[in-house]
Enquirer: 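Before anything else, here's the structure in question.
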Amino acid sequence: MAVRNTEQYTAWNGPEGQAWAAGAEQDPSEAELIDRLLDAARVGEHDRVLDIGCGAGVSSRAAARRAARGRVLGADLSGPMLERARLDAAGIGNVVFEQADAQAHPFPEGAFDAAISQYGVMFFTDPVAAFTNIGRALRPGGRLVFVVPQPAQECEWYVVPVAALLGIAPRPQAVVAAYPGQAPAMFALSDPVRIRQVLAAFADVSIEALHVPQWFGRTPAEAAEGFLSSGPTRYLLERDAALTREEAHARLSAALAPYAGDGGVVLPGAQWLVTARWTGGAAAR
């Protein structure tokens, strides 16, 4: 496997990938986003679908159900998540999974009618090269549809836990400014201007704002554990030698308690739903 995105490969094949694999299938809010994704991609019975950053394969299996006479290829960097994907897809004959770096993987040219991704395209080190490579895997006029987060300050699920670990009030702009180091990679495509830049080889680019709530656990304690296992909150814990895991867990549990209800811990969501059409044109940097 050719890997150019080495930093993400390391991350998703270590504890972070294992944590996400273990938590697959628990999120009841995921179904709404996947439905919106597949509706926008117009996945039909005979379609050939490429699922980029498929993770544990939830979206791939949903696509396979719609493309009952077609086929789905789920691609991801993470070995642990693909193991879970293959296990959960046992018996589904029209979906397969492959460990691949979408920036460099030699997908068969023109082999797919649609490429989809739910939170799987923000981590490319070279997004122009990655999307151009994905585009080449689409037939002429093939559809690209993906979901990415809106800017960090719009995402309460980011602001609230980060503020708790930094020990500051959850004021969005202040939290974003206080985050140490580079901005988290998950927000690399949160600016619509940037999205249009990296999709220069595509036509009919459309960016729609969604606000689908996101579920993080059955209880505040469970949600806190999930936050500490991955993402920006895990980074904050690892870099602060004075912050113990027990104290971090207690802070997060308290901050998340107001969002707990009968359905679990649910925070407001803020996503972009992006659609585009492959033309085969040259990408502009």
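Note that this is a predicted model, so its numbers are computed, not measured. For the numbers below, each heavy atom of this structure counts, side chains included, while hydrogens, waters and symmetry mates do not.
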Enquirer: Using the benzene-type ring in the case of Trp, are the ring centres of Y158 and F187 under 6.0 Å apart?
Expert: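 Aromatic pair counts; centres sit under 6.0 Å.
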Enquirer: Less than 4.5 Å apart, any side-chain heavy atom of F216 and any of L256?
Expert: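 The answer is no, as the side chains (C-beta and beyond) never meet within the 4.5 Å cut-off.
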Enquirer: Compare all side-chain heavy atoms of C155 with those of Q214 and state whether any distance is below 4.5 angstrom.
Expert: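 No; the side chains remain at least 4.5 Å from each other.
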Enquirer: Does R69 have any salt bridge (Lys or Arg N to Asp or Glu O under 4.0 Å) partners at least two apart in sequence or in another chain, and if so, which?
Expert: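 Testing R69 for salt bridge (Lys or Arg N to Asp or Glu O under 4.0 Å), a comparison that skips the adjacent residues, returns E45.
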Enquirer: Report yes if some heavy atom in the side chain of L228 is under 4.5 Å from a heavy atom in the side chain of H249; otherwise report no.
Expert: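 Yes; the side chains approach each other to less than 4.5 Å.
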Enquirer: Quick one: are V148 and I195 in side-chain contact, heavy atoms under 4.5 Å?
Expert: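 The answer is yes; the side chains approach within 4.5 Å.
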Enquirer: Measure from the side-chain N and O atoms of R48 to the backbone N and O of A111, and report whether any donor-acceptor pair falls under 3.5 Å.
Expert: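 Yes: the side chain of R48 pairs with the backbone of A111.
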Enquirer: Within this structure, what is the CG-CD distance for the pair N133 and E109, rounded to the nearest 0.5 Å?
Expert: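 The distance works out to 10.0 Å.
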Enquirer: Heavy atoms only: give me the nearest S60-C54 pair and the separation to one decimal.
Expert: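 Looking at all heavy atoms of both residues, the shortest contact is OG-CB, 3.4 Å.
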Enquirer: Mind checking the CD-CZ spacing from Q118 to F146? Nearest 0.5 Å is all I need.
Expert: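 Rounded to the nearest 0.5 Å, the CD-CZ separation comes to 13.0 Å.
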Enquirer: Which heavy atom in L237 sits nearest to a heavy atom in A248, and how many Å separate them?
Expert: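 Scanning both residues, the minimum pair turns out to be CD1-CB, 3.9 Å.
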Enquirer: In terms of side-chain geometry, is the basic nitrogen of D204 or R143 positioned less than 4.0 Å from the acidic oxygen of its partner?
Expert: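 Not counted as a salt bridge, because no side-chain N and carboxylate O are separated by less than 4.0 Å.
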Enquirer: Got V72 and R65 here, is their nearest side-chain heavy-atom distance under 4.5 Å?
Expert: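 Sidechains of R65 and V72: no contact.
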Enquirer: For the CG atom of L189 and the CD1 atom of I207, what is their distance to the nearest 0.5 Å?
Expert: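 These two atoms lie 9.5 Å from each other.
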Enquirer: Specify the closest pair of heavy atoms between G57 and F97, including all atoms of both residues, with the distance to one decimal.
Expert: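 Scanning both residues completely, I find the closest heavy atoms to be CA-CE2, 3.9 Å.
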Enquirer: Using the rule given for side chain to side chain contact (heavy atoms under 4.5 Å, CB included), can you reason through L77 versus F123, listing the C-alpha separation, both sets of side-chain angles and the distance that settles it, and then say yes or no?
Expert: CA-CA 11 Å; L77 277 172; F123 304 105; over 6 Å; no
Enquirer: Hey, mind stepping through W157 and Y259 against side chain to side chain contact (heavy atoms under 4.5 Å, CB included) and telling me if it holds?
Expert: CA-CA 10 Å; W157 54 264; Y259 300 92; over 6 Å; no
Enquirer: Do D47 and R139 sit within salt-bridge range, that is, some charged N less than 4.0 Å from a carboxylate O?
Expert: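 Result for this pair is no, no salt bridge flagged.
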Enquirer: A side-chain contact here means heavy atoms from C-beta on lying under 4.5 Å apart; do I134 and F112 qualify?
Expert: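 Not in contact.
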Enquirer: Salt bridge check, R245 against E238: does any charged N sit closer than 4.0 Å to a carboxylate O?
Expert: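 No, E238 and R245 are not salt-bridged.
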Enquirer: Using a 4.5 Å cut-off on heavy atoms from C-beta on, say whether the side chain of L273 contacts that of Q271.
Expert: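 With C-beta onward as the side chain, the pair stays apart.
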Enquirer: To the nearest 0.5 Å, what is the distance between CG (L243) and CG (L236)?
Expert: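 L243 CG to L236 CG: 8.5 Å, rounded to 0.5 Å.
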Enquirer: Between L144 and S117, does a side chain to side chain contact (heavy atoms under 4.5 Å, CB included) hold up when you go through it step by step?
Expert: CA-CA 8 Å; L144 171 68; S117 182; over 6 Å; no
Enquirer: Minimum heavy-atom separation for M186 to P232, with atom names?
Expert: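 The answer is CE-CD, 3.3 Å.
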Enquirer: Using side-chain hydrogen bond (donor to acceptor under 3.5 Å, both in side chains) as the criterion, list what pairs up with E246, not counting sequence neighbours.
Expert: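 For E246 there are no side-chain hydrogen bond (donor to acceptor under 3.5 Å, both in side chains) partners, ignoring immediate neighbours.
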Enquirer: Show the numbers, then the answer: is there a side chain to side chain contact (heavy atoms under 4.5 Å, CB included) between R196 and F202?
Expert: CA-CA 9 Å; R196 293 185 184 279; F202 290 77; over 6 Å; no
Enquirer: Judged by atom type as modelled, is there a donor-acceptor pair below 3.5 Å linking the side chain of W278 to the main-chain atoms of G110?
Expert: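 No.
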Enquirer: To the nearest 0.5 angstrom, please state how far the CZ atom of R66 sits from the CG atom of N94.
Expert: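 The distance works out to 14.0 Å.
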Enquirer: Is any side-chain heavy atom of L210 less than 4.5 Å from a side-chain heavy atom of L33?
Expert: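 Yes; the side chains approach each other to less than 4.5 Å.
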Enquirer: Got a second to check how far L82's CG is from L87's CG, nearest 0.5 Å?
Expert: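 Between L82 CG and L87 CG, I get 12.5 Å after rounding to 0.5 Å.
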Enquirer: Compare every heavy atom of A164 with every heavy atom of R251, then report the nearest pair and how far apart it is.
Expert: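 Scanning both residues, the minimum pair turns out to be CD-O, 3.1 Å.
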Enquirer: Verify, without hydrogens or angle tests, whether T279 (side chain) and A201 (backbone) share a donor-acceptor contact under 3.5 angstrom.
Expert: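 Yes, the answer is positive, given that a donor and an acceptor are paired below the 3.5 Å cut-off.
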Enquirer: Which heavy-atom pair separates L138 from A115 by the least distance, and what is that distance?
Expert: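 What the structure gives for the nearest pair is CD2-N, 3.6 Å.
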